[in-house]
Trainee: 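Pasting a structure below so you can have a look.
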Protein chains: 2
Amino acid sequence: MEADKINTEEKILNAAKEVFVSKGKDGTRMQEIADKAGINKSLLHYYYRNKEKLFGAVFQFAFKQFAPKIMSVFNDDGDLFVQIETFISRYIDMISKNPFIPMFILNEVNKKDTSFVINVIKTIGINPDQYRERIYSEIEKGTIREIDPNQLIINIIAMCLFPFIGRPIIQIIVFEDSNEDYEKFLKSRKKEVADFVINSIKK
Amino acid sequence: MEADKINTEEKILNAAKEVFVSKGKDGTRMQEIADKAGINKSLLHYYYRNKEKLFGAVFQFAFKQFAPKIMSVFNDDGDLFVQIETFISRYIDMISKNPFIPMFILNEVNKKDTSFVINVIKTIGINPDQYRERIYSEIEKGTIREIDPNQLIINIIAMCLFPFIGRPIIQIIVFEDSNEDYEKFLKSRKKEVADFVINSIKK
DNA sequence: GTCTATAAATTGATAGAC
DNA sequence: GTCTATCAATTTATAGAC
């Protein structure tokens, strides 16, 4: 049946996401994906010819969640500081719901030849001009100090992501390995990052 | 000979570093390490009983380079802003010399049970009090605004590391995949991060 | 579409000669 | 210490029945 086919394909993809994201491409076993999907191993090859193809599908999906498509908040010329707060809040929310996606993506792109990444990025369609022009215009207006928009946006994203990808280390060193304390830390993070950025650039 | 033994062991460790760091634990083949060390595969098992042990040696070594032991710059009570500049400069220098270490470490600790990480951290001995007390004292003195020292130090490290671990993506999206432009960006990074931080916290 | 059985290749690890 | 040969286990992928 067509409905069944879609169903199975989805089950496979969901299982594959789980395993690939938590164990990486090399650490993933097709058998584990099959088990998690509740199907036979050879059925994986029926839907996705090989491991590479299945991985590709997962990677593409994950990249969409990782890339801040949220840039559109900078489109209109409302209050820039509010927009920065919104951007940070939404991006941290997104990552919170999928805290292992960033590590997965970053790890894989650092191994892959870039052509793979280029294709996915083109599909997503991220445009740096969305924030660049906005920042330049606010510098001219005198709302913020002079700053390279690229450096600024990279700073923001770095501060949003790092608590998630660095958690195992940070939690041990800084929070005496307390999950509770780390969750508290994450909760305060939105406001802290926004304050940190705005304090740095406001004039 | 004793000298030969050390020599071979070093050759193995150097080869293992190269392969493990670039391909991760799961992606690494003992054969490749042996080839790169110019020795036989079974000689690896003679020096390091198994893959796990060899990986452990590499991980421990790499973690030392990743962890900012540089915290000692905050020890005396000189000019905090100068100290922050120094910290950022030294840390970025360190990473620049081993740009793939951070990704390697972060990826592995996100898979491992934390007990592994805890042991290594204990060996290194990083103490958050080194910066905490320093920051609190400067807040009291009125040099800087009120800020959680943990949030501050994590912000700084995040901004130092991210350009390296996110390079494949950032370079494509922000710099039209130009290596030249990215190197320029990295060069300006020390000053930019320091400025960004100091502007944010100074009173 | 889904399963069983099995091929084919890889890989970590050991035995044993020198 | 170092090598050759080889085992034993794993793992991707395919062939073929239903």
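Per chain, numbering begins at 1; letters A, B, ... match sequence-line order. For the numbers below, each heavy atom of this structure counts, side chains included, while hydrogens, waters and symmetry mates do not.
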Trainee: Just say parallel, tilted or perpendicular for the rings of B:F63 and B:F59, cut-offs at 30° and 60°.
Mentor: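 B:F63 vs B:F59 ring planes: tilted.
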Trainee: Is B:R134 salt-bridged to B:E138, cutoff N-O under 4.0 Å?
Mentor: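 Yes, this pair counts.
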Trainee: Between atom CG in A:L44 and atom P in D:dA15, what is the gap in whole Å?
Mentor: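 That distance rounds to 17 Å.
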Trainee: Take the protein atom NZ of B:K11 and the nucleotide atom C1' of D:dT2, then report the distance between them rounded to whole Å.
Mentor: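 Checked: the NZ to C1' distance equals 11 Å.
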Trainee: Measuring to OP1 and OP2 of C:dA13, would you say a side-chain N or O of B:R49 lies under 4.0 angstrom away?
Mentor: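 False: B:R49 side-chain N/O out of range (4.0 Å or more) of C:dA13 OP1/OP2.
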Trainee: Is any side-chain N or O of A:H45 closer than 4.0 Å to OP1 or OP2 of D:dT14?
Mentor: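 Negative; the distance criterion is not met.
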Trainee: Grab the CE-C1' distance between A:M30 and C:dT10 for me, whole Å please.
Mentor: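 Answer to the nearest Å: 16 Å.
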Trainee: Expressed as a whole number of angstroms, how long is the span from A:K25:NZ to D:dT12:P?
Mentor: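 Rounded to the whole Å, the gap is 12 Å.
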Trainee: Heavy-atom contacts under 4.0 Å between residues 31-42 of chain A and DNA chain D, which residues?
Mentor: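 Here the set is A:K41, A:S42.
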Trainee: Hey, could you give me each pair passing salt bridge (Lys or Arg N to Asp or Glu O under 4.0 Å) that has a residue in residues 21-31 of chain B? Not counting sequence neighbours.
Mentor: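 Every salt bridge (Lys or Arg N to Asp or Glu O under 4.0 Å) pair that includes a residue of residues 21-31 of chain B, provided the two are not neighbours, is B:K23-B:E32, B:K25-B:E52.
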Trainee: Could you tell me the separation between the OH atom of B:Y48 and the P atom of D:dT2, rounded to a whole number of Å?
Mentor: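 The distance from OH of B:Y48 to P of D:dT2 comes to 13 Å, rounded to the nearest Å.
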Trainee: Assess whether a salt bridge exists between B:K17 and B:E10, defined as any Lys/Arg side-chain N lying under 4.0 Å from an Asp/Glu carboxylate O.
Mentor: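 A salt bridge is absent here (no side-chain N lies under 4.0 Å from a carboxylate O).
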Trainee: Between B:K97 and B:D93, is the closest basic N to carboxylate O distance under 4.0 Å?
Mentor: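 Not counted as a salt bridge, because no side-chain N and carboxylate O are separated by less than 4.0 Å.
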Trainee: Should A:N150 and A:R132 be marked as a side chain to side chain contact (heavy atoms under 4.5 Å, CB included) after you check the CA-CA gap, both sets of side-chain angles, and the distance that decides it?
Mentor: CA-CA 7 Å; A:N150 295 329; A:R132 275 188 198 135; 3.1 Å; yes
Trainee: For the pair made of CG in B:L54 and P in C:dA13, what is the distance, rounded to whole Å?
Mentor: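 To the nearest whole Å, that distance equals 10 Å.
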Trainee: Quickly work out the B:N50 CG to C:dA13 P distance and round it to whole Å.
Mentor: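 Whole-Å distance recorded here is 5 Å.
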Trainee: In whole angstrom, give the distance that lies between atom CG of A:L43 and atom P of C:dC3.
Mentor: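 So the two atoms are 6 Å apart, to the nearest Å.
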Trainee: With a 4.0 Å cutoff (strictly under), does any side-chain N or O of B:R29 reach OP1 or OP2 of C:dG12?
Mentor: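 Answer is yes, contact under 4.0 Å.
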Trainee: Measure the acute angle between the ring planes of A:Y182 and A:F175, then classify it against the limits of 30° and 60° as parallel, tilted or perpendicular.
Mentor: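 Rings of A:Y182 and A:F175: perpendicular, over 60°.
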Trainee: Between D:dA13, C:dG1, C:dT14, which one does the side chain of A:Y47 approach most closely?
Mentor: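 It is C:dG1.
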